[in-house]
4 protein chains.
Amino acid sequence: MGAVKSKRVPRAIREQQMLDAAVLTFARRGYAAASMDEIAEVAGVSKPLVYLYLNSKEDLFSAVIRRESEALVAAVTAAVEPGATADRQLWSGLRGFFAHTAEYPDGWAVLHQQARTHGEPFAREVAVVRAEVVAFVTELIGAAAKEAGCAGELAEREVAGLAHALVGAAESLAGWANVRTDEGPSGEREHPSAKDTAATMMNFVWAGLGRLMEGERWAPGGLIGQQGRSAAVRG
Amino acid sequence: MGAVKSKRVPRAIREQQMLDAAVLTFARRGYAAASMDEIAEVAGVSKPLVYLYLNSKEDLFSAVIRRESEALVAAVTAAVEPGATADRQLWSGLRGFFAHTAEYPDGWAVLHQQARTHGEPFAREVAVVRAEVVAFVTELIGAAAKEAGCAGELAEREVAGLAHALVGAAESLAGWANVRTDEGPSGEREHPSAKDTAATMMNFVWAGLGRLMEGERWAPGGLIGQQGRSAAVRG
Amino acid sequence: MGAVKSKRVPRAIREQQMLDAAVLTFARRGYAAASMDEIAEVAGVSKPLVYLYLNSKEDLFSAVIRRESEALVAAVTAAVEPGATADRQLWSGLRGFFAHTAEYPDGWAVLHQQARTHGEPFAREVAVVRAEVVAFVTELIGAAAKEAGCAGELAEREVAGLAHALVGAAESLAGWANVRTDEGPSGEREHPSAKDTAATMMNFVWAGLGRLMEGERWAPGGLIGQQGRSAAVRG
Amino acid sequence: MGAVKSKRVPRAIREQQMLDAAVLTFARRGYAAASMDEIAEVAGVSKPLVYLYLNSKEDLFSAVIRRESEALVAAVTAAVEPGATADRQLWSGLRGFFAHTAEYPDGWAVLHQQARTHGEPFAREVAVVRAEVVAFVTELIGAAAKEAGCAGELAEREVAGLAHALVGAAESLAGWANVRTDEGPSGEREHPSAKDTAATMMNFVWAGLGRLMEGERWAPGGLIGQQGRSAAVRG
DNA sequence: AATGAATGAGAATTCATTCAT
DNA sequence: AATGAATGAATTCTCATTCAT
């Protein structure tokens, strides 16, 4: 069990091995149920060494969160085409996001499931990153509105809500896309590619945003246009 | 600390008090970090009584999940207008959902954050309920397509993806709507009402669905219509 | 589970039901692992009633020991033919003993296995009864020696040792005889009857005693007679 | 209380210390009443170390049973003179047995009293060892019969019964020999030596066996010879 | 005569963490 | 750079026992 023993490994590498082991173990067991014993064993080192390098379980978890969220942000950032139109930026960012979460499901699980459910030190760390993402998306929506020449149609709070909804939808799809439905011989019912998932998102999101920016709103009786929002929804 | 001591309470009532305490504590601390000691204290009883009535921490957590998910489903079900059009059903269901999650944030936190991150017995229980909700939404989208007279335009898998995205968006907004409380003096920056949140969702979702059903798809160059999807997305 | 509920039973009878339940449960589980809960359930009453009648677990166990050892002593006493020769008394006593232990294996298990292995209050109670039995057997051997007209041949301590050995052998055979070896179709390999077991004991014991009383002793080189014992055994 | 603290002891030695402490404590208190806390304290270490090395109370008890029964078997085996006549083998084996049980009364108490009264995992372990001893004694009796040239006189089941009686008698004497200590000022009423106890057994047993092998049986009217057994015992 | 409701005290077990080498 | 030895502090769970009716 655990990695092959190789003595005298430089610190930088050992630390990464430990973080790898920690990501795996936190994802498999959850923060609380993951024991330092198991992490050390998976990393192929003794427990005191883990403490020597990472100080404590909390610090280790924080280091994991930091590394994984930086990796995720880096992946998305790298994927986004800087000068493109807002929709293309969203599209490329989503592709980067889905590709990364599919490639590192354990890292994603730690960020999305573990970090958010365990007390103050950690939840905040992810919340900050998530807030940045939401802010980025918010900007994108604003930019899109400007591009479409209809800045006034979307209230600030409305945009924030939309960004939150969009991010939540993406998170949900990330989980869904990673669940390998075990039916039929392999080949049938495969993982949807990051491209497909991103397309689903774009189709879901962009069309609606377009209409919103044109001033249309949903109302109990059907879509209506041009009126102010408060009138549209009467409950 | 804990509730006011009231001796000799019938079992049925005590059990509810214990479940209340458990919901609170699990939401505050997370499953693993919540100790039976604290739950008992919050419930205002001794630990042995908790074990006598609820058997074990696992059983207690299961009972909590069951009660809370049944309550949530009941609230949404009660909110939906049975014979209405698909969009109205979605609208009323969302209102019920946001109203319930706003009223019982701890119950929602346990279902959404704790139950899903802690091993097989629990994750499955919530997964089942969530799958039912997704199925319901999937049906709604199908019905809407039929109402709009364009059944063929949406592939089955596409519908499933949309339903997942929609549910994820709603979950994200539920969390968002509940968090906004702690800024400024009370009164300023209030919870958005369930109605407002549901409206955000409907505006976000329904318009987009409408376009999708009309055969429009998003493509890197902008919205395009009528063509097959594979042509639309070239990446 | 437990006996059929019948309310309003006179105390004397209820107590016996409780003792029955206790014997069963102590034999099945052992003293420590037997819970008052289970005993009460097997007895078909509520726990407080057990405490009302029997005071405590210790008292309950003592009551069980007392009842069972009195029953055993009574059975053996009743079996012994008062005026008979020593060997006939031993023979009839053994038959009574094996018959009783076979009929009440749980009672015997409590006396022989549980009572002796659990701390001072209980071990002493059984020890006293056992000592009485040993004393009785010692007398019997003495009487036999007298009958045989060779009182001087057996040292007092030697007689005591023989009595202990005899009692131990009988206890061992009681356990052995009660183990139902589950081989073959029923009928094959049955319980030996109390008579058979007693016969085995008598054959084992009486012949040897006869020789001892005639002054013969075993010595490393074979049986030798007439000499004093210290000379016989040289190691 | 507990042993003198000696830090940083190699595992193999610590384990033996723990087993020593466990034997002592199980013998004193019984399996259930012996707490891991007390065992750890007696061993002079902390509880977690006991768990680290021995895993659980059950495993600890099993380890104790294994060590003690192996030691007992080894002592008896070492004592038996391999090529000697059956009676000499029995004699030397008994001396070894009584010497060992007298030297390690706690180990013997655990095997004889505790292990047999506590559920399946343990009872079986001792039962197996005891069955081996009984089998050995059975062989010895058979060999003795052959030496005496009267193989046909003893039925198989009869031999088994005798072996059980013999073992039971020895067990009883082992307990008896160890208990006699606590009366009067030390010096008076000493432990009988293993040699004496073994002699009592041999005198008790061997003479009787001799007669049995000569075809004599006990019968209600006195010893009778040569007839079949069924006729001898009429009850 | 009998019980549903309730608890104080202690049990086994596990963990994050450190010391000495 | 690395580890075998060791522990303080919780945590889950159980049990004998009592109270109020």
Side-chain angles (χ1 to χ4, degrees), chain A residues 5-11 13-14 32-40 44-60, chain B residues 5-11 13-14 32-40 44-60, chain C residues 5-11 13-14 32-40 44-60, chain D residues 5-11 13-14 32-40 44-60:
Chain A
K5 280 261 171 85
S6 52
K7 303 234 157 176
R8 302 276 139 180
V9 172
R11 172 161 185 159
I13 291 177
R14 269 282 191 260
S35 77
M36 294 298 272
D37 263 303
E38 184 175 0
I39 292 171
V45 297
S46 71
K47 235 187 320 175
L49 200 59
V50 179
Y51 278 89
L52 189 61
Y53 286 177
L54 277 319
N55 299 317
S56 73
K57 194 183 185 184
E58 288 210 349
D59 283 5
L60 172 56
Chain B
K5 279 266 171 82
S6 52
K7 299 242 154 168
R8 304 281 137 177
V9 173
R11 173 168 184 156
I13 291 175
R14 267 283 190 261
S35 81
M36 293 298 271
D37 262 306
E38 183 176 1
I39 292 171
V45 297
S46 70
K47 226 189 325 173
L49 201 57
V50 179
Y51 279 93
L52 188 61
Y53 287 174
L54 277 320
N55 297 318
S56 71
K57 195 181 185 183
E58 286 210 352
D59 282 6
L60 171 57
Chain C
K5 281 262 172 84
S6 53
K7 302 234 157 173
R8 302 276 139 180
V9 172
R11 171 159 185 160
I13 292 177
R14 268 281 190 261
S35 77
M36 294 298 272
D37 262 304
E38 184 175 0
I39 292 171
V45 298
S46 71
K47 234 188 320 175
L49 200 58
V50 179
Y51 279 89
L52 189 61
Y53 287 176
L54 278 318
N55 298 318
S56 73
K57 194 183 186 183
E58 289 209 349
D59 283 4
L60 172 56
Chain D
K5 279 266 172 79
S6 52
K7 297 243 157 170
R8 304 280 138 178
V9 173
R11 174 169 183 154
I13 292 174
R14 267 282 189 262
S35 80
M36 294 298 272
D37 261 306
E38 184 176 0
I39 292 171
V45 297
S46 70
K47 227 188 327 172
L49 200 58
V50 179
Y51 277 92
L52 188 61
Y53 288 174
L54 278 320
N55 297 318
S56 71
K57 195 181 185 183
E58 287 209 352
D59 282 6
L60 172 57

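Residue numbers begin at 1 in each chain, while the letters A, B, ... track the order of the sequences.
Closest to the side chain of B:Ser46, out of E:dA6, F:dA6, F:dT7, is E:dA6.
Atom pair D:Ile13:CD1 and F:dA6:C1' shows a separation of 16 Å (rounding to whole Å applied). Distance CG (B:Leu49) to C1' (F:dC15): 14 Å, rounded to an integer number of Å. Note: CG (B:Leu54) to P (F:dT12) measures 14 Å, nearest angstrom. At whole-Å resolution of the value, CD1 in D:Ile39 and P in E:dT13 are 11 Å apart. Separating the CG atom of C:Leu52 from the P atom of E:dG4 is a distance of 15 Å, rounded to the nearest angstrom. Residue B:Tyr53 contributes atom OH, which lies 8 Å from atom C1' of E:dA6 at whole-angstrom precision.
To the nearest 0.5 angstrom, D:Leu60 atom CG is 14.5 Å from D:Tyr53 atom OH.
Within the 4.0 Å cut-off from OP1 or OP2 of E:dA2, at least one side-chain nitrogen or oxygen of C:Arg14 is found.
For residues 51-60 of chain C, there are no salt bridge (Lys or Arg N to Asp or Glu O under 4.0 Å) pairs, not counting sequence neighbours.
The minimum heavy-atom distance between B:Ala40 and B:Ser46, with the atom names listed, is CB-C, 3.9 Å. Contact record, B:Leu52 with B:Arg11: O-NH2, 4.1 Å, taken as the closest heavy-atom pair. A pairwise comparison of heavy atoms in C:Arg14 and C:Leu49 identifies NE-CD2, 4.0 Å as the closest pair.
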Where do N or O atoms of nucleotides 16-20 of chain E meet protein N or O atoms at under 3.5 Å, pair by pair?
unit_1	atom_1	unit_2	atom_2	d
E:dA16	OP1	A:Ala34	O	3.3
E:dA16	OP1	A:Lys57	NZ	2.8
E:dA16	OP2	A:Met36	N	2.9
E:dT17	OP2	A:Tyr51	OH	3.2
E:dT17	OP2	A:Lys57	N	2.8
E:dT17	O4	A:Lys47	NZ	2.6
E:dC19	O2	D:Arg8	NH1	3.0
E:dC19	O2	D:Arg8	NH2	3.0

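Comparing the end axes of the helix from E:dA2-F:dT21 to E:dT21-F:dA2, each fitted to five base pairs by superposing C1' atoms of four pairs onto the next four, gives an inter-axis angle of 30° (nearest 10 degrees).
With sequence neighbours left out, the salt bridge (Lys or Arg N to Asp or Glu O under 4.0 Å) criterion links B:Asp37 to B:Lys47.
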